[in-house]
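Scroll down for the structure; my scribbles are underneath it.
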Amino acid sequence: PETASLSEIKVNIPSKNVEDIVIRLDRENKNITCVGFYSDIKPKDYVGDDVDGFFYLSIDAATQQIVAKGVKQIDKAIVQQLMEIKKAKNIKEGQGISNNFEIVYLKKKSDGTTTLISEYRKLVVYTYTRCNQNGGCTTHTTYTFYREDVFVVNIASDGTVLSFIDIPKKQISSNDGGMYSSFLPFEKGDKLYLLYNENPENLDPNIKTMKDIKVMSNVKKACLVAVG
C-alpha cells in the first residue's frame, strides 16, 4: 500500500564482523527475532575466515527497540571438536569454527526460547578437459556436496545460551544437488527431531571422535536416523 514505509534497525555488535544473519517476524506478538554469526577482528598474523560466536537480538517491532540481547563466543572445546583438532593447545589464537557453517533453521517456541540449527555446507566444483590424439576435447564438471556436522543452540528469551549440542555426521555426494544429504527438521509440539541418512557403521556406540565417523556417500546403503 502507498502508506507503507520502510524502517531501518541497526544491528551493531561492537568489535565484531557479522558473518551470517537470520531474521524472523512474529506478527502476533509484534516481535522480531534476529540471530547470526560473528567473527572477531583477527590478529594481523592470522589467516582465515572463521566464525567465533553467535548473537541474539529480540526487537519490539512497534517501538523498534532492542528488548533482549545476547552474545556468546564459541568455547574452545567446541572449536576443537568441530574443527577436528587433536589437542586444545594446537588451537591457534583467534581460531574459530569454519565459516562454511550456515544457519539453516530458526524457530521461536511457545515458551519464549529460540532454537537455532546450523550445518556445515560446502560445494566443490571441479572442471577438467581431456583431449585425444585427433584433437577432439571433452570437458566435464563434477559438483561435490558436503553436508557435515550440525549444531543446535537453545537460547532463552533474555539472550542467555541454554545449551549447545553438536550432532556429528559426514555426508558427501556428487552431481545430485545433495538431494539425500543434510537433514529434515520434524516438529511435534515443542519437541524437535532431526531426520537424516546415516552410514550404518556410525551406529557403533564405540565411536568416540569425528575421525572415526564413516562417510554417508551411498544412499542405497544408508539408514534413516532420528535425533531428538
Side-chain angles (χ1 to χ4, degrees), residues 11 13 15-23 34-56 70-106 114-126 142-155 161 163-185 194 196-199 202 207-217 227:
V11 177
I13 312 295
S15 302
K16 315 289 185 187
N17 295 317
V18 175
E19 298 293 341
D20 193 8
I21 191 168
V22 176
I23 298 172
C34 176
V35 178
F37 289 148
Y38 72 79
S39 62
D40 293 324
I41 297 176
K42 303 294 185 182
K44 291 182 179 180
D45 59 345
Y46 184 82
V47 178
D49 296 320
D50 296 341
V51 168
D52 295 296
F54 44 89
F55 61 89
Y56 168 90
V71 178
K72 172 66 175 175
Q73 185 171 14
I74 297 175
D75 296 335
K76 283 191 175 182
I78 296 172
V79 174
Q80 181 180 354
Q81 180 176 342
L82 293 179
M83 301 304 292
E84 300 183 34
I85 301 172
K86 287 184 178 180
K87 297 181 180 179
K89 66 179 183 180
N90 293 334
I91 299 175
K92 299 176 182 178
E93 181 184 354
Q95 183 172 2
I97 64 173
S98 170
N99 63 359
N100 285 321
F101 279 94
E102 297 181 16
I103 300 173
V104 294
Y105 176 95
L106 183 67
T114 299
T115 299
L116 173 154
I117 303 180
S118 178
E119 182 180 43
Y120 180 97
R121 293 182 169 187
K122 183 172 70 171
L123 170 63
V124 175
V125 181
Y126 176 65
T142 301
Y143 299 87
T144 304
F145 298 85
Y146 294 79
R147 300 289 185 266
E148 301 187 1
D149 278 53
V150 169
F151 65 77
V152 182
V153 185
N154 288 306
I155 306 169
V161 175
S163 63
F164 187 110
I165 303 169
D166 174 43
I167 303 173
K169 68 179 180 68
K170 288 184 178 180
Q171 301 164 316
I172 302 175
S173 62
S174 297
N175 296 333
D176 66 349
M179 182 182 300
Y180 301 104
S181 296
S182 193
F183 66 91
L184 175 68
L194 304 188
Y196 60 92
N197 290 314
E198 179 64 283
N199 187 320
N202 293 330
I207 290 179
K208 302 296 183 183
T209 67
M210 279 296 295
K211 289 197 172 181
D212 296 327
I213 292 179
K214 304 296 189 295
V215 174
M216 193 295 292
S217 57
V227 178

So how far is it from [X] [atom1] to [Y] [atom2], rounded to the nearest 0.5 Å?
X	Y	atom1	atom2	result
T115	I155	OG1	CD1	8.0 Å
I172	S217	CD1	OG	7.5 Å
T114	N154	OG1	CG	9.0 Å

Worked check of side-chain contact (heavy atoms from CB on, under 4.5 Å) between D176 and F145: CA-CA 8 Å; D176 66 349; F145 298 85; 3.8 Å; yes
Aromatic plane relationship, F151 with F101 - under 30° parallel, 30 to 60° tilted, over 60° perpendicular: tilted
Quick one, [X] and [Y] - any side-chain contact, counting heavy atoms below 4.5 Å?
X	Y	answer
V150	Y196	no
V124	Y146	yes
F55	I21	yes
V215	N199	no

Hey, is the main chain of [Y] close enough, under 3.5 Å, to the side chain of [X] for a donor-acceptor pair?
X	Y	value
N202	I213	no
S118	E102	yes
Q171	N197	yes
D20	I103	yes

Test side chain to side chain donor-acceptor pair (under 3.5 Å) applied to Y120 - qualifying residues, sequence neighbours left out: N100
Contacts of Y143 that satisfy side chain to side chain donor-acceptor pair (under 3.5 Å) - sequence neighbours left out: none
Considering all heavy atoms of both residues, which atom of [X] and which atom of [Y] are nearest to each other, and what is their separation?
X	Y	answer
M216	S181	CE-OG, 4.3 Å
L194	I167	CD1-CD1, 3.5 Å
P168	E198	O-OE2, 4.4 Å
V161	V153	CG1-CG1, 4.0 Å
Q73	Y38	CA-OH, 3.4 Å

F164, CZ: over 12 other non-hydrogen atoms inside 6.0 angstrom: yes
With sequence neighbours excluded, residues passing ring pair (Phe, Tyr, Trp, His ring centres under 6.0 Å) with Y56: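 For Y56, no residue satisfies ring pair (Phe, Tyr, Trp, His ring centres under 6.0 Å) once neighbours in sequence are set aside.
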Trace of the side-chain contact (heavy atoms from CB on, under 4.5 Å) decision for Y105 with V22: CA-CA 9 Å; Y105 176 95; V22 176; over 6 Å; no
R121 vs V104, side-chain contact (heavy atoms from CB on, under 4.5 Å): CA-CA, chis, key distance, verdict: CA-CA 10 Å; R121 293 182 169 187; V104 294; 3.4 Å; yes
Derivation of the side-chain hydrogen bond (donor to acceptor under 3.5 Å, both in side chains) call for D50 and S39: CA-CA 6 Å; D50 296 341; S39 62; over 6 Å; no
Verdict with supporting geometry, K16 and F37, side-chain contact (heavy atoms from CB on, under 4.5 Å): CA-CA 10 Å; K16 315 289 185 187; F37 289 148; over 6 Å; no
Charged N-O contact under 4.0 Å between D149 and K169: no
